[in-house]
Amino acid sequence: QVQLVESGGGLVQAGGSLRLSCAASGRTFNSLSMGWFRQAPGKEREFVAAIRRNGASPYYADSVKGRFTISRDNAKNTIYLQMNSLKPEDTAVYYCAAMVYSGSYYHSDEYDIWGQGTQVTVSS
C-alpha cells in the first residue's frame with residue numbers, strides 16, 4: 001500500500017512563495033495519477049492541481065492557475081506544488097492524494113490514498 005507524506009508548509013507573507021512536497025512510499029508510484037487538494041477552516045475540501053502518471057498536461061483550479069505549478073519526479077517518488085504570489089485566501093491545509101484507477105482529476109472521491117496534510121498560512 002502506498003503511503004503519502006506531505007512537507008513544506010508554513011507561514012508566509014502575501015506575495016511570497018512556498019514549495020510543497022509529497023513523498024510516496026511503495027513501488028507503484030509511477031502508475032498513479034496524483035493531485036493536490038486543500039481545505040480551509042469551515043470550507044469543503046477543494047481541488048488545487050493534478051498531474052498524470054507521465055507528468056503531461058497538468059490540471060489546475062482556476063483560482064491557482066498561473067500561480068501554482070504541479071510537477072513530479074518519478075525517480076524520487078515525489079510530487080511538488082510550487083506556489084507563487086500567495087494570497088491570504090490560499091490559507092488552508094494542503095493534502096496530496098493518489099488515484100489508483102482512472103477518474104476525474106477534479107473530484108476528491110476519485111482519489112484512493114491521502115496524505116495527512118500540511119498547513120499553509122498566508123498573512124496579509
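- Closest heavy-atom contact between His107 and Ser104: ND1-OG, 3.0 Å.
- For the residue pair Arg38/Tyr94, the side-chain donor-acceptor check at 3.5 Å is satisfied.
- In this structure, CD1 on Ile51 lies 12.5 Å from SG on Cys96, to the nearest 0.5 angstrom.
- Closest non-hydrogen pair, Ala40 versus Ala92, comes out as N-CB, 3.8 Å.
- A continuous path of hydrophobic side-chain contacts links Met99 to Tyr106 [ILVMFWY only; heavy atoms under 4.5 Å].
- Residue Glu6 holds its CD atom at 5.0 Å from SG of Cys22, rounded to the nearest 0.5 Å.
- Using a cutoff of 4.0 Å between basic side-chain nitrogens and carboxylate oxygens, Asp62 and Lys65 are scored as salt-bridged.
- Side chains of Val100 and Ile113 form a contact here, defined as non-hydrogen atoms less than 4.5 Å apart.
- The hydrophobic clustering, which links ILVMFWY residues whose side-chain heavy atoms are closer than 4.5 Å, places Met34 and Phe68 together.
- Taking all atoms of both residues into account, the shortest heavy-atom contact from Thr121 to Gln119 is OG1-NE2, 3.3 Å.
- Partner Met83 forms a side chain to side chain contact (heavy atoms under 4.5 Å, CB included) with one of Leu20, Thr69, Val12 and no other, that one being Leu20.
- Here the shortest heavy-atom pairing between Gly35 and Tyr111 reads N-CE2, 3.7 Å.
- Rounded to the nearest 0.5 angstrom, Ile79 CD1 and Asn74 CG are separated by 10.5 Å.
- Contact of the Val2 side chain with the Leu32 side chain is registered, since non-hydrogen atoms from C-beta on lie closer than 4.5 Å.
- Minimum heavy-atom separation, Gly9 to Val120: CA-CG2, 4.1 Å.
- Listed here is the closest heavy atom pair of Ser33 and Arg72: CA-NH1, 4.2 Å.
- One hydrophobic cluster, built from ILVMFWY side chains closer than 4.5 Å, cannot hold both Tyr80 and Trp114; they sit in different ones.
- In this structure, Arg53 is not positioned above the aromatic face of Phe29 in the sense of NZ or CZ being under 6.0 Å from the six-membered ring centre and within 45° of the axis.
- Considering CG of Leu4 and OG of Ser25, their distance stands at 7.0 Å, rounded to 0.5 Å.
- Under a hydrophobic clustering in which Ile, Leu, Val, Met, Phe, Trp and Tyr are joined whenever their side-chain heavy atoms come within less than 4.5 Å, directly or via other members, Ile70 and Leu18 fall into the same cluster.
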- Worked verdict on Asn84 versus Ser17 for side chain to side chain donor-acceptor pair (under 3.5 Å): CA-CA 4 Å; Asn84 298 329; Ser17 299; 2.9 Å; yes

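- Judged by the 6.0 Å and 45° rule, Arg45 forms no cation-pi pair with Phe37.
- Hydrophobic clustering, with ILVMFWY side chains joined whenever heavy atoms are under 4.5 angstrom apart, groups Val122 together with Val48.
- With hydrogens and angles left out, the side-chain atoms of Arg52 and Tyr59 include a donor and acceptor closer than 3.5 Å.
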